[in-house]
Amino acid sequence: MKLEQSSLTSREILTPIVSVILALLVGAIFILIVGENPIEAYRVLFSNSLVGMDSIAATLQRATPLIFTGLAVAFAFRCGLFNIGAEGQLYVGAMAAVIVGITFSGLPKVIHLPMAVLAGMAAGGIWASVPGLLKAKLGVHEVINTIMMNFIAYFLTDYLVTGPFHGGRWTPETARILPTAELSRLLPPSRLNTGIIIAIAAIIIVYIFLWRTRLGYEIRAVGFNPTAAEYGGISISRNMIMAMVFSGALASLAGVEQILGVHGRFIQRFSPDLGFMGIAVALLGKNHPVGVFFAAVLFGALRTGAAAMDRLTDVPRELVVIIQALIIMFVAAEELTRRLMQRRRRA
Amino acid sequence: MWDYLVYFVNATVLAAALRMATPLILTSMGGIFAERSGVINIGLEGMMLVGAFTGMLTSYFTGQPWLGLIGALLAGALMGLVHAVASVTYKVNQVVSGTAINIFAGGVTVFLLRWIFDVAGTSPAVSRLPVVTIPLINRIPLIGPIFGTHNIMVYMALIIVVLVHIFLFRTVWGLRLRSVGEHPKAADTVGINVFLTRYLAVIVSGAMAGLGGAYLSIAHLSRFGDQMTAGRGFIALAAMIFGKWTPFGALGASLLFGFANAVQMRLQELGIPSQFVQMVPYILTMVALAGFIGRATPPKAIGKPYEKE
Amino acid sequence: MQNILELKNITKRFPGVVANDKISLDIRAGEIHALVGENGSGKSTLMNILYGLYNADEGEIFLRGEKTKITEPRQAIDHGIGMVFQHFMLVEPLTVFENVILGSEPQKRGFIDFRGAEKEVARLSREYGLRVETGARVEDISVGQQQRLEILKALYRKADILILDEPTAVLTPQETEELFGVMRNLKEQGTTIIFITHKIREVLEISDRVSVLRRGKLVGTKNTSETDRPELAEMMVGREVLLRVEKEKAQPGEKVFSVSDLEVRDQRGTKRVKGVSLEIREGEILGIAGVEGNGQQEMVEAITGLLRADKGKITLEGKELQNLNAMQIKKKRIGYIPEDRHKRGLILDFNVADNMILGFHTEPPFVQRFFIRDERAIKENAGRLVEEYDVRPPNIQQQVSTFSGGNQQKIVAAREFSRKPKFLICSQPTRGLDIGAIEFIHKQVIDQRDKGAAILLVSAELDEILSLSDRIAVMYEGRIVGEMPVEEADEKKLGSLMLGGEARKDRGGDTVETGTE
Amino acid sequence: MGQQAEANQLKVGVVFSIGGLGDESFNDAAFKGATQARDDFGIQLDYVEPDDIAEMEDHQRAFVEEGYDLIIAIGFLQESGLEAVARDYPDAKLAIVDSDYLADKPNVASLVFKEHEGSFLAGYLAGRMTETNTVGFVGGMEVPVIFNFQTGYEQGVEYANPDATILINYAGDFGDPGTGKELAVSQFERGADIIYHAAGGTGMGVFEAAEENDFYAIGVDSEQDGIVPGQILTSMLKRVDVAVYNIIEDLVKGEFHAGVHRFGVADGGVGLTDFPYTDHLIPDDIKQDLEVIKEMIIDGEIEVSSAHD
Ligand SMILES: Nc1ncnc2c1ncn2[C@@H]1O[C@H](COP(=O)(O)OP(=O)(O)OP(=O)(O)O)[C@@H](O)[C@H]1O
Ligand SMILES: Nc1ncnc2c1ncn2[C@@H]1O[C@H](COP(=O)(O)OP(=O)(O)OP(=O)(O)O)[C@@H](O)[C@H]1O
Ligand SMILES: [Mg+2]
Ligand SMILES: [Mg+2]
């Protein structure tokens, strides 16, 4: 995977588009298998996710957490690290945010809400710092450790949500957060909330951080060539740890948004694989903040449309999961799409 | 005190440990194949799931669990092939490819479950592989209760470990496989086909994971359930690492994790939240990788696609 | 003598380079055929094609008179071709024995026949005098042994055409002599050898005929007995070689830099620098000669803060520097051209402008408040340096990976020289560059000296050491074994020091071979 | 997609819980009640199976907007979504199963169950039937709703047989039949001869263990007796089907009313099956005593406390 400078080249924009088309084509085969009409299914899928204010709001709402996890994965990747622990990070982040959200009563919103958000980010960052530290100090590959920590995060939050922070009712969830910790809804009835604004701010901040600050320069230098970075006086380990911490903090925002903006409480295992989808989003968005935005919107649209497709056609909704997996494969197989595009050009 | 200990560690607990270790053993052998050839396989979980599903499906339609086993093997192999095409030929990042396979497997099994059986959760019951009793072992005190009677796949798994060990360290192909995972170019220069070796290794890896899944759906149990692998593919990965990429090491780690789980079932009585026990394999793996239990060093060329020119 | 091998019109293109351009070459049975040429002239590529590792875009191969297709190493092996690579092709965690048999294993129904094979390997190593411990893991044996192992591998596969790609680059002179003994032995037994080297001395010593490549083309083939050093040198570089750099005599000033009793371990924990002391004055170049791998790199990395020093003192203008980190060292106005520009010197995926601030990126004018970069200053800096150092193309937005080696090195030099260093380390500053680029870099180094910098030059090229240095120290096995003004130095004297000649005497009968710890 | 809507035909939309149909449990029970109502009353029935909590609200809302007359949300995970929908559409008729969080909403009917009462009956039966004086309970996850099953069961066993030992285990997962089986086997090996599960898909493993080791299991939620005929003593019915059927019936009759509809032993909302496969195994006196106990619960002579009191 070759990374470019701060702007995306036309090829980097074209490959994802071709990949999405390929994935939809293969998905059509699955639709045909179940004896349905692919065109009709896709029409339902996209008209219910991209047409009309409500649909767009729903799509954006679903895109919001994916922007965070996508940014998280992309950010770590810029430092040469593969963070597949976004799922675990968002769980601990969400848990921390909810704890703050339920405990500190009597605070004004301007203090309580940021406090909850920051608590979540801190928890996610600390969680991610462990694989970061192990990589930086002991050279242990972060992929395995982030996977392992996902599971540890599941069990830890399982314990917290049914134990010390159980909401007291007979459901595996915490108490409701106080209204002062809620992310306000933007376009009711849609669950789109101010989280999307934080997400867009995060996109801009990540962009500026990576390409306009000296810290971003160092992170990217370590990502491209750690030995040369070291030669240039840049600490590999400090930057790796920092990148993981930031990545974890970004990932945790996905959980924070879900909790403070959508569910209003921590529900055991609430995330529909948002962290893993973040890998796909980062990949599809070419590890670029702007690319991440569009990729997240596409995935948000797919999920939104899937619900409608499930309701209105007989195509099982898992089709969309299959399509998402295919998109990941095709985007990653740059060489395949490149060959296809070249053949077209020749023809 | 002794009684107390015997309550937690006894033949029945150890037999349960062996049963629970079996899918991990099979799948971790699959992990060894792929990773020893230089290809990371975090898609084991998905390959297992597809194996479990296909095992059930084949057994359902044919009534023959042995055919189910072959079906699972082939389906796992097919997933392996997909991983090989992506990561060997198209040089897709191996972690990405594995992640895609996991997501795909979760989707496609339920997709088919719904289409074929019109359910999303659990398949109908199917016939499963026999439980056998080994005549002599059966009568040895202590050993008998632990090893004497099990599903036939439990024994298969143990035999496979020995076979994988012999394959890796005693045969020509094993030597070649290991060399490809350490230094593919060196292997290439002595006439070993790196691509073919990796293809075969990853296909076998998928087949093994498929067997691991089949153990769940047509040996230990007799039905498929959505996400029934429940993270066992990842634990198998952990077992492989904890076992330092060797068959007996992975066997030992699988047994340890199986044992932890079996004991955990009894420890629950002491009021230890089960969540903390469930974390154990993952924490142990991190500790092992960090070098506190002797350094676990992966094959050198792991994760790097081979470029011929 | 008949031709055992004929290459006809071999062409191989890589993106941006024609590595082999219509090369036709005859190899006679039983000869030692030297293949020489500058870095990047296409020697390895040609041999990789012959060995089936690369496939030629055009051209044909005739083996023993028959047209032969070799598209895979397997085919080459089957045709009796063996190759020892420039970078060894050994599987480190495997044993010597396993490496020998790999790919051609003696087997009984798939199982490796350990016993039969071990006998065969022992026989071969005895017969050709290739001493290697067969049971050891490759990662534990010396480089010399690794090379013998590589030759053993080829012989085990019954190679009668043996390609040796720069086998001497990593050897001590004594090991080189040993290798030549083996080569002569092989030749006597009828093996044909293609021997690649950069060193004309070696060509003249061992080969029967010699072919010269330049920029992917065959310049010509000569009988070794009918050619000489100047002719080969001219064939290689395309014009008469200018061996001396024009420079004024040095005007050394105050003592600026010193190292005393430095000891350093490498990353594996092996002690590589064993008590080195040096001094360099203002406006003076101290050259460190020595075969690579004798501790030079570890010494330099300890000075520049990339490795920890176990012991000893490093001072610049009287202030102690030992064990400051790389960033702190940078800030002391110490410039450093690293030995490997791709590994250390450049971030190939960054553009020129971003590379031009590497190491200075924390300082004004490149950063403003709040860590924000000053893009204007960064661009201005790069624009100025690109012009001053004649980097081509002069596009500061272009990714550095797309520049040629010479221009990449100019970027490194420009950056390191740009902040008026008081002390400058140049480690293998011209490795892999063409003559034009070498001259340019040499001029810049002299220029820095004349501006008053103290310079430490580390180079494996004696020519470079002799033409640039004012004083020369020779490093051998982690120690300085001799030091002299350039006027008193010549190749012979340095050469013998580099082999540890005099050092051996000092240390009372230690042999070169047992120098490992 | 349902049949053609006739004019003034009532339309009911069901939003299932995660896991969807085919769980042979919760969702299936709801589905059964709904289809029964469809057949009996000729309504139009449509449903969705969400796979993500956040999306549930969209489905509820979409049904409302498409003019459905009643929207039934299955499972407590839907409550925050339904809360918003209830607020935004005061005229919509809504129902939620297994949650009383929205009890005060004027347009939401909360359909909740006294699982502890039904579980008490199961426990009583187990306490009477055990020959080893040891019975077991396997829970899915350690979540409060399951504690309710556990506590009722414990009280029932205790009532019938104060000396009996009750083994309690949790699988940590509702979709891991492999672990479910091992937990059951482990309890069996510790002497349990009757095991009650409240573990969703994990419970399938309990049944398989019962079949393999020839002990009795007790099913949950739906009538699971037929899954392994003869081996499943009974099932603790949580008549989601009844609740769903009733609320649809209310709608059809124009008697829909909001507030809490609590289903206990008294109204047949919870209870045991009629032992379709095990009738011959259960002594008549026990059957008669069960009836007595039932009456006592209805009359309040026995007060079964829930885990949340
Ligand atoms: N795999 C490759 N891809 C692209 N370019 C290559 C590749 N291998 C070699 N080249 C280029 O081909 C040219 C010839 O390289 P080659 O390695 O044959 O040179 P050489 O004569 O062996 O040099 P040296 O003396 O440094 O070993 C160089 O410009 C080199 O950069
Ligand atoms: N192994 C390789 N794989 C891919 N590209 C390579 C490889 N080796 C060299 N190149 C590319 O080939 C081009 C020429 O590289 P090379 O190292 O031959 O330059 P050079 O001959 O040293 O330059 P110059 O002659 O200008 O000093 C560069 O773009 C380089 O990046
Ligand atoms: Mg070159
Ligand atoms: Mg070469």
Side-chain angles (χ1 to χ4, degrees), chain A residues 36 48-49 54-55 57-59 61-62 64-65 151 154-155 158-159 161-163 166-173 176-177 185 188-191 257-259 261-265 267-274 277 300 303-314 316-318 320-321, chain D residues 1-2 13 15-16 18 20-21 46-66 75-81 83-85 87-89 98-101 112-113 115-116 140-149 151 170 172-175 306-309:
Chain A
E36 290 283 306
N48 282 284
S49 58
D54 290 353
S55 305
T59 293
Q61 191 273 315
R62 283 171 168 280
T64 308
F151 285 96
Y154 294 152
F155 295 125
D158 280 354
Y159 168 72
V161 76
T162 53
H166 180 241
R169 299 174 53 236
W170 36 291
T171 49
E173 56 183 23
R176 303 227 157 209
I177 54 164
R185 300 278 163 103
S190 148
R191 275 159 283 119
E257 184 269 345
Q258 292 281 293
I259 295 310
V262 178
H263 302 313
R265 74 247 198 239
I267 306 171
Q268 185 175 27
R269 310 270 179 126
F270 65 84
S271 161
D273 281 355
L274 293 170
M277 288 302 164
R303 302 282 294 204
T304 306
M309 190 182 69
D310 196 30
R311 213 165 43 233
L312 302 173
T313 76
D314 282 342
R317 63 166 43 229
E318 281 72 26
V320 161
V321 181
Chain D
M1 269 209 284
V15 181
F16 285 108
I18 287 177
L21 292 177
D46 287 299
Y47 58 89
V48 283
E49 301 164 73
D51 60 357
D52 159 15
I53 303 165
E55 128 196 347
M56 292 169 161
E57 182 183 336
D58 296 332
H59 296 298
Q60 300 158 0
R61 202 174 281 279
F63 275 132
V64 175
E65 303 224 312
E66 285 159 27
F76 72 92
L77 289 175
Q78 313 218 29
E79 64 192 22
S80 57
E83 184 177 18
V85 173
R87 184 189 56 225
D88 295 346
Y89 302 93
D98 250 6
S99 164
D100 57 2
Y101 179 69
V112 295
F113 297 87
E115 296 92 354
H116 46 288
M141 289 176 121
E142 289 165 290
V143 297
V145 66
I146 302 300
F147 295 153
N148 213 22
F149 287 84
T151 185
Y170 280 86
D173 197 323
F174 282 107
S306 88
H308 319 296
D309 298 335

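Below, chains carry the letters A, B, ... as their sequence lines are ordered, and counting in each starts from 1.
- One distance of note links CG of A:Asp54 with CZ of D:Arg61; it measures 8.5 Å at 0.5 Å rounding.
- Taking chain D as the reference chain and counting heavy-atom pairs below 4.5 Å, the highest number among A:Gln268, A:Arg185, A:Arg269, A:Glu318 is found for A:Gln268.
- Looking only at side-chain heavy atoms (C-beta outward), A:Arg176 and D:Tyr101 come within less than 4.5 Å of each other.
- Side-chain contact between A:Thr162 and D:Met141 is absent, with no heavy atoms from C-beta onward closer than 4.5 Å.
- Heavy atoms only, all atoms of each residue included: D:Phe76 and A:Arg265 are closest at O-NH2, 4.0 Å.
- Between A:Arg62 and D:Asp58 there is a side-chain heavy-atom pair separated by less than 4.5 Å.
- Of the residues considered (A:Gln61, A:Gln258, A:Glu173), A:Glu173 shows the highest number of contacts with chain D, using heavy-atom pairs under 4.5 Å.
- Judged by distance alone, the side chain of A:Arg317 and the main-chain N or O of D:Glu49 form a donor-acceptor pair under 3.5 Å.
- The parts of D:Leu77 that come within reach of chain A are both its backbone and its side chain, each placing non-hydrogen atoms under 4.5 angstrom from that chain.
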